[in-house]
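Below: one structure, written as structure tokens.
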Amino acid sequence: MKKPVFIIGKKQIVMACMTMILGIAVYVNYVIADNSELKMAENISEGDEYGETQFVNAGESDLMDLSKVSAEDYFAQARIDKTTSRDEAVQTLQTVMGGGDISENEAVVNALAAVELSHMTELENKMESLIKAQGYKDCIVYLDENDARVVVQSDGLDTAKAASIKDIVLSESKVSAQNIRIFEVK
């Protein structure tokens, strides 16, 4: 009976390296995911449920000083600011795409960024319409890749109403529940 002959060639070396890289990637992912779960667990106190709607106070960076302006003025200014920032982003993309010294890959990346910006704007408008359809006087949605901020004008926002707003955002976007912030303007 012949003994099996093991020949170590290039394919075997490449496979061993790829397996080792995969193992390292899995370990790094495990370490990172383990730490983020600990951080999330620290934010949830006794008696709270994961995903439960919590009201937050708006920081200075999130909203303007609401005590000095009426709700109508706030929403008008917020829409102007939002439109201005979107127009600047579109103009920047057009400038970059119009430049003659870009490679084909850069052109594709810029086109994808333009499509993503258009998609985000469309999603924001759709969410605003759905939230207003629930009976709110006015609403504005700020959507990013990872989080959403919703500002609604109402006379009182309870947990059930906030949960319905959160449900709209969750159903229309890929934003996770803990990254949705809801603000009330009276």
### Message
On a heavy-atom basis, which atom in E184 and which in D155 lie closest, and how many Å separate them?
### Response
OE2-C, 3.7 Å

### E116: partners by salt bridge (Lys or Arg N to Asp or Glu O under 4.0 Å), with sequence neighbours left out
none

### Task
Assess whether side chain to side chain contact (heavy atoms under 4.5 Å, CB included) is satisfied between Y136 and I165, documenting all intermediate values.
CA-CA 10 Å; Y136 293 100; I165 292 171; 3.6 Å; yes

### Message
Would you say S176 and N179 are linked by a side-chain donor-acceptor pair, where the criterion is simply a distance under 3.5 Å?
### Response
yes

### Derivation and outcome, side chain to side chain contact (heavy atoms under 4.5 Å, CB included), residues E128 and I131
CA-CA 5 Å; E128 288 172 5; I131 292 169; 6.0 Å; no

### Any side-chain heavy-atom pair of V152 and L157 under 4.5 Å
yes

### Query
Does E172 use its side chain to pair, donor to acceptor, with the backbone of M127 at less than 3.5 Å?
no

### Task
Measure the spacing between NZ of K126 and CG of L143 and express it to the nearest 0.5 Å.
12.5 Å

Going by atom type alone, with no hydrogens or angles, which donor-acceptor pairs under 3.5 Å involve a side-chain atom of residues 12-25 and a protein atom two or more places apart or on another chain?
| unit_1 | atom_1 | unit_2 | atom_2 | d |
| --- | --- | --- | --- | --- |
| Q12 | OE1 | G9 | N | 2.9 |
| T19 | OG1 | M15 | O | 2.7 |

### Query
If you take all heavy atoms of A162 and I182, which pair is closest and at what distance?
O-CD1, 3.3 Å

#### Entry: Counterpart residues, side-chain contact (heavy atoms from CB on, under 4.5 Å), relative to S171 (two or more places apart)
none

### C139 and V150: CA distance, side-chain angles, deciding distance, side chain to side chain contact (heavy atoms under 4.5 Å, CB included) verdict
CA-CA 7 Å; C139 171; V150 180; 4.1 Å; yes

### Task
Test side chain to side chain contact (heavy atoms under 4.5 Å, CB included) on Q134 and I168 and set out the steps.
CA-CA 10 Å; Q134 289 188 340; I168 290 172; 3.5 Å; yes

### Query
So how far is it from I140 CD1 to Q77 CD, rounded to the nearest 0.5 Å?
10.0 Å

### Message
Return the CZ to CZ distance between F183 and R149, rounded to the nearest 0.5 Å.
### Response
7.5 Å

#### Entry: Considering all heavy atoms, the nearest K166-I180 contact
CG-CD1, 3.8 Å

### Task
Enter the distance from S164:OG to L130:CG here, rounded to the nearest 0.5 Å.
11.0 Å

### Smallest separation among heavy atoms of A148 and V169, with atom names
CB-CG1, 3.8 Å

### Message
Whether D138 and K132 form a salt bridge (side-chain N of Lys/Arg under 4.0 Å from carboxylate O of Asp/Glu) is what I want to check.
### Response
yes

### Query
When you measure from the side chain of D144 to the backbone N and O of D147, does any donor-acceptor pair fall under 3.5 Å?
no

### Message
If we ignore hydrogens and angles and just use 3.5 Å, is the side chain of Q153 paired with the main-chain N or O of V185 as donor and acceptor?
### Response
no

